[in-house]
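These notes are about the structure you will find just below.
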There are 2 protein chains.
Amino acid sequence: MTSASDLASLAALLADETRAAMCLALLDGRAWTAGELAAHAGVAPSTATEHLHRLIKGGLLVERRQGRHRYLRLAGGSAAQLIEDLSAHTEPRPTPARGLRAATASAALRRGRTCYDHLAGRLGVAVTDAMTAAGLLDQSGGFAITASGVDWLTGTLGLSPSDLRPGRRPLARGCLDWTERRQHLAGLAGAKVCETFLGNGWIARIGSGRAVRPTSDGKAALRDLLGIRDID
Amino acid sequence: MTSASDLASLAALLADETRAAMCLALLDGRAWTAGELAAHAGVAPSTATEHLHRLIKGGLLVERRQGRHRYLRLAGGSAAQLIEDLSAHTEPRPTPARGLRAATASAALRRGRTCYDHLAGRLGVAVTDAMTAAGLLDQSGGFAITASGVDWLTGTLGLSPSDLRPGRRPLARGCLDWTERRQHLAGLAGAKVCETFLGNGWIARIGSGRAVRPTSDGKAALRDLLGIRDID
DNA sequence: GCGTCGTTTCGGCCAGTACCGAACCATCGC
DNA sequence: GCGATGGTTCGGTACTGGCCGAAACGACGC
């Protein structure tokens, strides 16, 4: 019985359009200032303050104060996953027919995007599949980076071994992709791969949102390093 | 921008304690009458009517009118999954340490339960693992029933081949189990397995909720058919 | 037919909350 | 020091929406 109230109060956090807009904006994994979120959601700063308090109190967001700014970000991967899950359910249920899906989620988002801090969409799934095919990733029971996967991450991608030390966060985990209905690589390794791709200029954000596209350098790298050819 | 309002209106469906209680009750996969749901949630029948209208309009529930009764059930597996996902996030984040989890979800629910229409909890995971080990289920890329799995379902379990004809619904799919953090068998096959177990008296519901336990017949069957010994 | 019972509609009450503007506070740049 | 700017607090307003009881509706059993 008490769990009904827990469920309700969690859902209530996202049940307001202003708060929902803020959370969706934060899905890009970056930290936003309170003012930016207020402007994005189209409300007065004072109103935004109240909403942000609620979201923090509810455990969905964390804050970091710095000078006169207050930076907000999602509390963690599970908060991001929750919002992704929920927003995925707003897509029309019935037919995942190829042609129809173009109308539901933007084509760019389906092609590639960041999901909190790792890659998702067709691009994310392609990278995950290629890593699995190359023996870098083992999906036979859960998600696990193989020994050669670690070599690849530190050698080919140039990560330092300390980047891959799992703390509270698992090195690799699967994240269900709702546009592709497939799992893709998340966890520490997923974040580092995404970070490296962005840092190397292999992928670039489209506008200010979550959608990303491979650059021409990136296409070459994807082909050479992972054998991914047919990415658009 | 408009997707923020979609997200908000979906979340709003579960943002009320009364509606949340109704949805949690319906997670047992059965159809409840409007009156039963009203009593369960502790509100007047008239109040329940309004809530049920909203839930139906929102696509979470479907109704079937029969005589002077109105039967309500969850709209489908994805609706059930949504509610399970969300309620899983109300569990304390930090440590999935063995000892502590006893306090969070009821022990009986963790041991075994129905998740919409298939088995979940340690029991569901055990069955899934045993089927995989026996070569009946292939988890190497998604969830798939093998040829010998089909034989086992029709032969050993006594299902008719027509029971296993996938329509809109996939024969097998994975469903993420939040108490066990593991996938278990869902989809058409998962539902039929659960139905058969219940029908054969191998498992019994504990009280009126979702928790189930294996009967002594069931323990024998699990041991003989799947080699599962250490189920409590 | 007629009462009974499950459900729905309607009217009205009340609490919670989303919103804003104005005043206030703190930090930055100068 | 001083203004400018980001953020918060506070008061007040308006609206949504959850709740009930009474009355109406419709199917059932007799």
Side-chain angles (χ1 to χ4, degrees), chain A residues 1-26 30-73, chain B residues 1-2 4-26 30-73 208:
Chain A
M1 217 55 64
T2 170
S3 93
S5 72
D6 291 345
L7 173 55
S9 52
L10 175 62
L13 291 178
L14 295 170
D16 175 80
E17 185 167 347
T18 299
R19 284 194 296 271
M22 291 173 167
C23 289
L24 287 176
L26 288 166
R30 290 179 286 192
W32 293 49
T33 68
E36 285 168 345
L37 287 171
H40 175 81
V43 294
S46 56
T47 304
T49 294
E50 298 174 21
H51 286 303
L52 294 173
H53 274 155
R54 282 190 67 169
L55 289 169
I56 290 172
K57 199 169 185 180
L60 242 44
L61 265 48
V62 290
E63 65 179 345
R64 195 179 116 217
R65 309 185 99 101
Q66 193 170 309
R68 58 181 166 183
H69 290 276
R70 181 196 192 191
Y71 288 98
L72 287 298
R73 56 190 321 149
Chain B
M1 219 52 66
T2 170
S5 72
D6 292 344
L7 172 56
S9 51
L10 175 62
L13 290 178
L14 296 171
D16 174 80
E17 185 167 347
T18 300
R19 285 194 296 272
M22 290 172 167
C23 288
L24 287 175
L26 288 166
R30 290 178 287 191
W32 293 49
T33 68
E36 285 168 345
L37 287 170
H40 175 80
V43 294
S46 56
T47 304
T49 295
E50 298 174 22
H51 286 302
L52 295 172
H53 273 153
R54 281 191 66 169
L55 289 169
I56 289 171
K57 200 167 184 182
L60 243 44
L61 265 50
V62 290
E63 65 179 344
R64 195 178 115 217
R65 309 185 97 100
Q66 193 170 305
R68 57 183 164 182
H69 290 276
R70 180 198 191 190
Y71 288 99
L72 287 299
R73 58 190 320 152
S208 61

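All values below come from the heavy atoms of this structure, side chains included, with hydrogens, waters and symmetry mates left out.
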Of all nucleotides in DNA chain D that come within under 4.0 Å of a heavy atom of chain A, which is furthest toward the 5' end and which toward the 3' end? dA4(D) to dT9(D)
Estimated bend of the helix from dG1(C)-dC30(D) to dC30(C)-dG1(D) (axis per five terminal pairs, rounded to 10 degrees): 30°
For every nucleotide of nucleotides 25-30 of chain C, 5' to 3': is a protein heavy atom under 4.0 Å from its base (B), only from its sugar-phosphate (S), or from neither (-)? --BS--
Side-chain contact, heavy-atom cut-off 4.5 Å: L26(B) with L61(B)? yes
Check: L60(B) and L10(B) side chains under 4.5 Å, non-hydrogen atoms: yes
With sequence neighbours left out, what residues match E63(A) under side chain to side chain contact (heavy atoms under 4.5 Å, CB included)? I56(A), R65(A), R70(A), L72(A)
Verify the contact: side-chain N or O of R70(B) to OP1 or OP2 of dT8(C), cut-off strictly under 4.0 Å; return yes or no. yes
Output all residues satisfying side chain to side chain contact (heavy atoms under 4.5 Å, CB included) with T33(B), sequence neighbours left out; order by chain, then residue number. E36(B), H69(B), Y71(B)
Locate the shortest heavy-atom distance separating A48(B) from A38(B); write the atom from each residue and the value. CB-CB, 3.5 Å
Within residues 40-58 of chain A or reaching into it, pairs that qualify as salt bridge (charged side-chain N to carboxylate O under 4.0 Å, His left out) - sequence neighbours excluded: none
Reported CG-to-CG distance for the pair L14(A) and L24(A), which is rounded to 0.5 angstrom: 8.5 Å
Review item, nucleotides 10-18 of chain C N/O atoms under 3.5 Å of protein N/O:
residue, atom, partner, partner atom, Å
dA18(C), OP2, R19(A), NH1, 3.2
dA18(C), OP2, R54(A), NH1, 3.0

Identified side-chain contact (heavy atoms from CB on, under 4.5 Å) partner of W32(B) from the options R73(B), H40(B), M22(B): H40(B)
Contacts of type side chain to side chain contact (heavy atoms under 4.5 Å, CB included), residue A39(A), not counting sequence neighbours: none
T18(B) and A41(B) have their tightest heavy-atom pair at CG2-CB, 3.8 Å
Has R19(B) got a side-chain atom pairing as donor or acceptor with A8(A)'s backbone, closer than 3.5 angstrom? no
Counterpart residues, side chain to side chain contact (heavy atoms under 4.5 Å, CB included), relative to R64(A) (two or more places apart): Q66(A)
